[in-house]
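My structure is below; once you've seen it, I'll send some questions.
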Amino acid sequence: MAEKKVSLPAKLINGGVAGLVGVTCVFPIDLAKTRLQNQQGARVYSGMLDCLAKTIKMEGYFGMYRGAAVNLTLVTPEKAIKLAANDVFRQKLSKDGKLPLWGEILAGCGAGTCQVVVTTPMEMLKIQLQDAGRLAAQRTVAASAAGSTPSLVASKAAQPGTNAPPRSSATRITLELLKTRGLRGLYKGAGATLMRDVPFSMIYFPLFANLNAVGRTEDRHSNPQERAPFLQSFVAGCAAGSVAAGAGTPLDVIKTRLQTLQKGEGEDSYRGIIDCTQRILKREGPAAFLKGATCRALVIAPLFGIAQGVYFLGIGEHVLGLLG
């Protein structure tokens with residue numbers, strides 16, 4: 001069966017819709033991941049569920065969506081670039097409809113490289129907003145230990161959200177970074193982001209293509225997502241996303257630590273990727289590089305399963321058809 005050609009605008013729409021739907025579904029877990037990865041020394045949260053429960057207690061339900069506006073704004077171009085770039089590179093590297101494994105890996109590498117332009121500032125802003133609640137919780141626990149305020153897990157004498165940290169905004173953080181550090185401030189941690197996203201894409205896209213082609217021998221290495229059953233595309237996206245997310249967790253921890261501007265009491269600051277790696281290893285041990293691994297897998301798996309489902313449904317093509 002001939003491969004269905006999908007226009008670039010349709011790919012961009014598909015990627016954007018997939019990002020918006022996916023982020024809305026999994027953002028609270030992503031917030032827990034960021035807070036768990038940034039914990040050094042004294043533990044405010046014992047795990048993902050404990051983090052989400054304490055976030056709701058201190059900040060209210062919508063506290064779980066701190067930083068979501070940044071993600072929802074920038075995830076459309078980010079996911080659109082990633083998915084569309086991979087498809088474009090696959091088409092360019094294909095010969096006679098066939099794409100060898102090295103071509104799949106190279107296409108994934110290109111996609112991961114392209115997305116960093118949007119991913120780095122998006123992650124930079126999102127992390128500051130997500131981690132503000134952890135810092136406030138840490139101060140509350142410290143004050144409680146000194147006997148000056150009620151415990152973080154004390155009974156609810158106040159309504160949810162009354163102990164919420166002071167609200168900042170992505171706009172204010174952006175202006176402050178531009179004023180004090182210039183454009184480079186928004187791209188702090190770009191190297192670590194590249195180190196995380198390129199290997200992720202090099203693992204994810206070839207693995208997805210091969211899982212999605214299971215049970216079909218024709219054109220195994222071309223671009224099978226349009227021909228695979230919906231459920232197969234969704235499961236292949238989830239499985240490939242989980243594997244790639246797990247493999248990239250140590251690099252994600254390093255990136256998160258480097259991009260976090262405000263540190264809690266006694267927490268390390270880092271001069272770069274090597275310094276961050278050495279300090280984490282020395283102070284917290286190898287296990288620290290797997291902080292938030294479960295959360296990351298739970299975020300990435302449905303995110304990319306949804307993305308491949310949107311591609312399968314051809315939402316972008318339908319939208320373009322309605323418009324013209």
Does Lys54 reach the main-chain N or O of Val44 with its side chain, forming a donor-acceptor pair under 3.5 Å?
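Confirmed, Lys54 side chain pairs with Val44 backbone.
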Roughly how far, to the nearest 0.5 Å, is the CD1 atom of Ile280 from the CZ atom of Phe289?
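That separation rounds to 4.5 Å.
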Do the non-hydrogen side-chain atoms of Phe304 and Phe208 ever get within less than 4.5 Å of each other?
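No, side chains not in contact.
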Side-chain donor or acceptor of Arg43 paired with backbone N/O of Ser46 under 3.5 Å
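Present.
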Verify the cluster assignment for Val26 and Phe200: are they in a single hydrophobic cluster under the rule of side-chain heavy atoms below 4.5 Å apart?
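Linked, Val26 and Phe200 end up in one cluster.
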Joint cluster assignment, Leu106 & Phe89, ILVMFWY side-chain distance < 4.5 Å
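The answer is no; the residues belong to distinct hydrophobic clusters.
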Against Lys33, only a single residue in Asp252, Thr294, Thr249 fulfils side-chain hydrogen bond (donor to acceptor under 3.5 Å, both in side chains); can you say which?
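Answer to the side-chain hydrogen bond (donor to acceptor under 3.5 Å, both in side chains) test with Lys33 among Asp252, Thr294, Thr249: Asp252.
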Give the minimum heavy-atom separation between Asp275 and Ser269, together with the two atoms involved.
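Where Asp275 meets Ser269 most closely, the heavy atoms are OD2-O, 4.1 Å.
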Starting from Leu74, can I reach Leu129 by hopping between I/L/V/M/F/W/Y residues whose side chains sit under 4.5 Å apart?
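They do share one cluster, since a chain of ILVMFWY contacts under 4.5 Å joins Leu129 to Leu74.
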Check the side chains of Lys255 and Gln259 for a donor-acceptor pair under 3.5 angstrom, ignoring hydrogens and angles.
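Checked: Gln259/Lys255 side chains pair up, N/O donor to acceptor below 3.5 Å.
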I'd like to know if Asp30 pairs up with Lys126 as an ion pair, taking the criterion as any Lys NZ or Arg NE/NH1/NH2 lying under 4.0 Å from an Asp or Glu carboxylate oxygen.
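The answer is yes: the pair qualifies as a salt bridge.
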Nearest 0.5 Å, please: how far is CD in Glu104 from CG in Asn210?
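Interatomic distance, Asn210 CG to Glu104 CD, rounded to 0.5 Å: 5.0 Å.
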What class does the angle between the rings of Tyr61 and Tyr65 fall in, given that below 30° is parallel, 30 to 60° is tilted and above 60° is perpendicular?
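Tyr61 and Tyr65: tilted rings.
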Linking I/L/V/M/F/W/Y whenever any side-chain heavy atoms sit under 4.5 Å apart, do Ile173 and Val118 land together?
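Linked, Ile173 and Val118 end up in one cluster.
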Show, in sequence, the C-alpha distance, side-chain angles and deciding distance for Val214 and Gln232, and conclude whether the side chain to side chain contact (heavy atoms under 4.5 Å, CB included) test is met.
CA-CA 9 Å; Val214 169; Gln232 184 172 353; 4.1 Å; yes
State whether a side-chain donor-acceptor pair under 3.5 Å links Asn38 with Gln130.
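Side-chain D/A pair, Asn38 to Gln130: absent.
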With rounding to the nearest 0.5 angstrom, report the CD to CG distance, Glu284 to Asp268.
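Nearest 0.5 Å value for the CD-CG distance: 7.5 Å.
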With side chain to side chain contact (heavy atoms under 4.5 Å, CB included) as the criterion, how do Met48 and Leu298 come out once you've worked through the C-alpha distance, each side chain's angles and the decisive distance to 0.1 Å?
CA-CA 11 Å; Met48 179 183 72; Leu298 289 175; 3.9 Å; yes
Between Arg257 (side chain) and Gln37 (backbone), is there a donor-acceptor pair under 3.5 Å?
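Pair found, side chain donor or acceptor close to backbone of Gln37.
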Closest approach of Ala32 to Cys295 (non-hydrogen atoms, all atoms of both residues):
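What the structure gives for the nearest pair is CB-SG, 4.2 Å.
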Testing the basics here: between Asn86 and Gly108, what is the closest heavy-atom pair and its distance to 0.1 Å?
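Heavy atoms of Asn86 and Gly108 come nearest at OD1-N, 3.7 Å.
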To check you understand the geometry: which heavy-atom pair defines the closest contact between Gly191 and Ile273, and what is its length?
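Scanning both residues completely, I find the closest heavy atoms to be C-CD1, 4.0 Å.
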Report yes if the side chains of Thr120 and Leu186 come closer than 4.5 Å at any heavy-atom pair, otherwise no.
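No, too far: nothing below the 4.5 Å cut-off.
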Ala297 versus Ser242, closest heavy-atom pair with distance:
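Heavy atoms of Ala297 and Ser242 come nearest at O-OG, 4.2 Å.
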Is any side-chain heavy atom of Lys188 closer than 4.5 Å to a side-chain heavy atom of Leu177?
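In short, these two side chains do not touch, never coming nearer than 4.5 Å.
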Heavy-atom closest pair, residues Arg90 and Ala107:
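For Arg90 versus Ala107, the nearest heavy atoms are CG-CB, 3.8 Å.
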So, taking the atom named CE in Met202 and the one named CG in Leu207, what distance separates them when rounded to the nearest 0.5 Å?
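Between atom CE of Met202 and atom CG of Leu207 there are 13.5 Å.
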Between CZ of Arg271 and CD of Gln278, what distance do you get to the nearest 0.5 Å?
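Going from CZ on Arg271 over to CD on Gln278, the span is 8.5 Å.
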Can you measure from SG (Cys276) to CG (Leu281) and round to the nearest 0.5 angstrom?
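If we round to the nearest 0.5 Å, Cys276:SG and Leu281:CG are 11.0 Å apart.
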Should Leu52 and Pro28 count as side-chain neighbours, where that means a heavy-atom distance under 4.5 Å?
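They are in side-chain contact.
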Leu178, Met124: one ILVMFWY side-chain cluster at the under-4.5 Å cut-off?
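As far as the 4.5 Å side-chain criterion goes, Met124 and Leu178 are connected within one cluster.
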Examine the side chains of Arg279 and Tyr270 and answer whether a donor and an acceptor come within less than 3.5 Å of each other.
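Not at all, the side chains of Arg279 and Tyr270 share no donor-acceptor pair under 3.5 Å.
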Have Arg196 and Thr119 got a donor and an acceptor in their side chains that come within less than 3.5 Å?
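No pair is found: no donor N or O on one side chain lies under 3.5 Å from an acceptor on the other.
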